[in-house]
Structure formats: structure tokens, C-alpha cells
Amino acid sequence: KNNFRLLKLGVQRDNASGTYAALMIQSLSKSSHEQEKGLSQEFFQSLWDGLSRQYRHHPPEVLREAIRNLDKTVPLDEEAILQLKQFSEHHRSLEDSQVNLLSLILSSLSSSAPSGLENKYEYLLVRRVLQGRSLQTCVREFGLNGKKAMDQVLRASVQKLLLSSVETRK
């Protein structure tokens with residue numbers, strides 16, 4: 001909004017407001033725009049590295065909005081897309097697909113185009129894949145009926161993101 005970019009996201013909730021601190025910037029000149037891009041790239045790397053560590057306990061809504069603010073795509077080559085299709089069709093495990101899933105989810109959530117998923121499914125992808133939350137935690141948090149239901153929702157969500165990603169490329 002108003003061309004501000006997120007450059008830092010706090011790791012602890014403020015006791016008074018219950019929110020996380022954020023540092024936003026808006027460049028006013030061409031030279032500051034280049035600096036902004038570099039700082040934004042640093043934050044992207046920090047967020048990418050910290051999703052399952054310092055940002056592990058952030059609510060999925062906060063992380064989804066932080067990712068949306070990045071407007072960053074992580075390219076997926078044909079092999080990565082094939083592996084993601086195999087995951088969505090139950091031919092690969094979550095663990096075997098983790099790197100490509102991270103790339104797909106980050107690219108899809110940071111894109112200005114809608115992901116095609118309901119918020120709760122975006123939040124589930126953030127919790128389970130990006131933050132590495134346990135299966136039991138996600139089943140309980142999202143009110144699913146066990147491991148099989150979780151697996152079906154994850155794979156169907158990835159399939160939708162893949163379709164949306166392919167349509168966006170055209």
C-alpha cells in the first residue's frame with residue numbers, strides 16, 4: 001500500500017498491543033530505490049532462512065502479509081514443476097518436495113495475482129510447509145480429521161497453486 005516495502009519484521013509480540021513490530025520504507029529517489037531493492041532482498045533472505053526458526057511462532061496471517069509485501073518470485077524450472085506435480089498426485093513425499101514447495105508457496109503468496117486459495121489453506125501452507133509445524137499441531141489448529149485429511153488438503157492446495165502459477169506464466 002502506498003509503495004511501502006517491508007524491510008524488517010519483529011520476532012517478539014509487543015506485550016501492550018499484541019502485534020509485531022515492522023520496519024517499512026518508501027524510496028523517494030532513483031538512488032534510494034536501488035538501496036531499497038537491496039534491503040528488500042536482504043529481508044527476503046532473512047525471512048526465507050527464519051521461517052522455521054525465529055518466525056516459527058508468528059501467526060500465519062502475519063507471515064502471509066509479510067510475504068505478500070515482498071513481491072518476489074522464486075523461479076521454478078521444469079524439473080521443479082514436475083516434482084511438484086508428483087507431490088500433488090501423491091507420488092512424492094512432503095520431505096522430498098520441501099525445497100520446491102517453499103519456492104512455489106513463497107512465489108505464489110508474494111505474487112500480485114491471487115493464489116486461488118482460500119485464506120485458511122494459505123495459512124495451512126504457511127504453518128505446515130514454511131514454518132515446519134508438526135502434523136498434529138496443524139490438524140488440531142485447522143480442525144482437520146487426521147493425517148489423511150491434512151495430506152489431501154496440502155496436495156490439493158499445491159495443485160491449485162501450480163495451476164495458478166502455470167496460468168500466470170502464459
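When a residue number appears, it is its place in the shown sequence, counting from 1. Just so it is clear, the model here is predicted, and its values are computed rather than measured.
Gln45 and Gln41 share no donor-acceptor pair across their side chains, judged by distance under 3.5 Å alone. Counted by atom type alone, Ser17 and Asp14 present one or more donor-acceptor pairs between their side chains at under 3.5 Å.
Using a 4.5 Å cut-off on side-chain heavy atoms (C-beta onward), Ser97 and Gln86 make no contact. For the pair Leu109/Leu125, no side-chain contact is recorded, criterion being any heavy-atom separation below 4.5 Å from C-beta on. A 4.5 Å side-chain heavy-atom check between Leu82 and Glu78 finds every atom pair outside the cut-off. Between Met150 and Leu124 the shortest side-chain heavy-atom distance falls below 4.5 Å. Residues Tyr123 and Phe142 meet the side-chain proximity criterion, which asks for heavy atoms closer than 4.5 Å.
Of all the heavy atoms in Ser134 and Thr137, the pair that sits closest is OG-OG1, 2.7 Å. When every heavy atom of Ile67 is checked against every heavy atom of Ser110, the shortest pair comes out as O-CB, 3.1 Å. Closest heavy-atom contact between Tyr55 and Leu9: OH-O, 3.3 Å. Heavy atoms only, all atoms of each residue included: Leu94 and Val129 are closest at CD1-CG2, 4.0 Å.
By the criterion of side-chain heavy atoms lying less than 4.5 angstrom apart, applied directly or through intervening Ile, Leu, Val, Met, Phe, Trp or Tyr residues, Leu39 is not grouped with Leu6; the two fall into different hydrophobic clusters. When hydrophobic clusters are built by joining Ile, Leu, Val, Met, Phe, Trp and Tyr residues whose side-chain heavy atoms come closer than 4.5 Å, directly or via intermediates, Phe44 is grouped together with Val11. Cluster membership check: Phe4 shares its hydrophobic cluster with Leu47, using side-chain heavy-atom separations under 4.5 Å among Ile, Leu, Val, Met, Phe, Trp and Tyr.
Taking OG from Ser29 and CD from Glu34, the interatomic distance works out to 10.0 Å, rounded to the nearest 0.5 Å. Here the CG atom belonging to Leu130 is positioned 9.5 Å from the OG atom belonging to Ser52, to the nearest 0.5 angstrom. For the atom pair CZ of Arg128 and SG of Cys138, the computed distance is 6.0 Å after rounding to the nearest 0.5 Å. The CZ atom of Phe87 sits 5.0 Å away from the CG atom of Leu101 when rounded to the nearest 0.5 Å. The OG atom of Ser157 lies 5.0 Å from the CG atom of Leu117; values are rounded to the nearest 0.5 Å. How far OG of Ser88 is from CD of Gln83: 12.0 Å, rounded to the nearest 0.5 Å.
Applying the salt bridge (Lys or Arg N to Asp or Glu O under 4.0 Å) test to Asp151 and every residue at least two apart in sequence or in another chain returns Arg155. Residues meeting the side-chain contact (heavy atoms from CB on, under 4.5 Å) test with Glu95, sequence neighbours left out: Ser93.
Between the side chain of Ser107 and the backbone N or O of Leu104 there is no donor-acceptor pair closer than 3.5 Å. Side-chain atoms of Ser164 never come within 3.5 Å of backbone atoms of Leu161 as a donor-acceptor pair (strictly under, hydrogens ignored). At distances below 3.5 Å, at least one donor-acceptor pair connects side-chain atoms of Glu36 with backbone N or O atoms of Ser27. In this structure, Gln159 contributes its side chain and Glu89 its backbone to no donor-acceptor pair below 3.5 Å.
Judged as a salt bridge (charged side-chain N to carboxylate O under 4.0 Å, His left out), not a single pair has a partner in residues 97-111 (not counting sequence neighbours). Counting only residues at least two apart or in different chains, ring-ring contact (aromatic ring centres under 6.0 Å, His included) contacts with residues 20-40 comprise Tyr20-His58. Listed by first and then second residue, the salt bridge (charged side-chain N to carboxylate O under 4.0 Å, His left out) pairs that reach into residues 41-64 are Arg64-Glu122, sequence neighbours excluded. Contacts classified as salt bridge (charged side-chain N to carboxylate O under 4.0 Å, His left out) and involving residues 129-147 (residues at least two apart or in different chains) are given here: Arg127-Glu141.
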Practice problem: Output, in order, the C-alpha distance, side-chain angles, deciding distance and verdict of side-chain contact (heavy atoms from CB on, under 4.5 Å) for Arg13 and Thr19. | Solution: CA-CA 5 Å; Arg13 237 184 238 269; Thr19 61; over 6 Å; no
Quiz item: Can you check side-chain contact (heavy atoms from CB on, under 4.5 Å) on Met24 and Leu7, steps first, answer last?
Solution: CA-CA 6 Å; Met24 308 275 301; Leu7 294 184; over 6 Å; no
Exercise. Would you check, one step at a time, whether the test side-chain contact (heavy atoms from CB on, under 4.5 Å) holds for Leu106 with Trp48?
Key: CA-CA 9 Å; Leu106 285 172; Trp48 177 277; 2.5 Å; yes
